[in-house]
Amino acid sequence: MKNIHLKILDFLKSERNFDYSGYHFAMLERRIQNRIIHLGSITPEAYFEYLQNNPGEPTLLIENFMINVSHFFRDPLSFELLARVIIPTIVASKLRSNEHSIRIWSAGCAYGEEAYSVAMLFNEYFGAEMVHFNLDFFATDFDSRAIEKAKQGTYNSTSMKEVKHGLLKKYFTEGDGSYTIIPDLKMSIQFSTYDLLHKNSYAPTESIFGDFDLVLCRNVLIYFNQEFQKLILNKLLKSLAPKGVIMLGESEVLGDSFREKLRQISKYAKIFEKK
Ligand SMILES: C[S@@+](CC[C@H](N)C(=O)[O-])C[C@H]1O[C@@H](n2cnc3c(N)ncnc32)[C@H](O)[C@@H]1O
């Protein structure tokens, strides 16, 4: 007999077009189980019935699969390297070739903390010189709720633990226990939905052609099996400009087949340059 979890996932596929084939199956099983516990520890079979008879439940279950946890400057060492090495190198190379546009993509941006952290660092680096450069900054996630929240740019204190005092004062307005990104910084990023498993494109539509100087895809690959990790990495590689830089999450591993296409910039962080 077919595993009940598989039945549940097949149902989501036929009803909501949710393609689960690339995700780690054990992770999806765990998330289904969480949802079942949340509903009062009913049996998986009873949950399957419930799923089929409650129109809102498939959406809630899919949302439960998406782990949007993030915070500003997550993995501070990577952001330190970004500020001190990567940004200066990108800018120097742009100046040498007399180009004034820098293209960035935060892929799997969740609620936007990662993208805003990067935007703050570029702002800090340029200071008043920012006007001479055009930042084309795209941030995407396939979870539309997360993108709406990213556009609003309002966070609670748990997202803020790594934000330095000076940056907090400069780039946020404080409300009643909440912190909202200032309009200028919000406007510097184009948020949109994009599925990294989309078969016919290698970059978000809004960016038209990719050609990114910097791509961040952090703590996203961990949810996928090896075959799909490869698929996504190939897509990101295609979207990078020559000598473009890609940043992965600290626990993510680059498969051997990518070692000849990407050079690790620092042994302390998962930052790679396209060869
Ligand atoms: C843990 S968050 C990572 C957030 C941020 N990059 C960070 O490192 O803090 C993982 C994000 O990947 C997104 N995601 C999962 N599958 C995706 C897909 N197929 N296409 C685009 N985004 C996806 C989820 O919605 C979630 O917001």
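Counting convention: from 1, in listed order, for ligands and their atoms alike. Quick note: numbers below take in every heavy atom, side chains included, and nothing from hydrogens, waters or symmetry partners.
The proximity of Arg218 to ligand 1, defined as any non-hydrogen pair under 4.0 Å, involves the side chain as well as the backbone.
If you check which protein heavy atom lies closest to atom 1 (C) of ligand 1, you get Ile67 O, 3.1 Å.
Within 6.0 Å of the NZ atom in Lys261, the count of heavy atoms belonging to other residues, nucleotides or ligands exceeds 12. By the neighbour-count criterion of 12 heavy atoms within 6.0 Å, atom CG of Asn53 is densely surrounded, having more than that number from other residues, nucleotides or ligands. Residue-environment remark: OH (Tyr268) stays at or below the threshold of 12 foreign heavy atoms within 6.0 Å.
Here's the thing with Leu196: one of its N/O atoms is less than 3.5 angstrom from an N/O atom of ligand 1. Not one N or O of Asp143 is nearer than 3.5 Å to an N or O of ligand 1, by distance alone. Distances between N or O atoms of Met66 and those of ligand 1 include no value under 3.5 Å. Looking at Tyr23 next to ligand 1, an N or O pair under 3.5 Å apart turns up.
For the pair Phe224 and ligand 1, a heavy-atom separation below 4.0 Å is found.
Between Phe72 and Tyr155, the ring planes lie perpendicular to each other; the angle is over 60°, past the 30° to 60° tilted range.
Closest heavy-atom approach to atom 14 (N) of ligand 1 within the set Tyr111, Tyr223, Phe142, Tyr194: this belongs to Phe142. Nearest-heavy-atom check against atom 10 (C) of ligand 1 across Ile147, Leu197, Ile232, Asn219 picks out Asn219.
Connection of Ile36 to Leu60 is not established within any shared hydrophobic cluster, with ILVMFWY side chains joined at heavy-atom distances below 4.5 Å, either directly or through further cluster members.
Side chain to side chain, Tyr194 and Glu206 fail the donor-acceptor criterion of an N or O pair below 3.5 Å.
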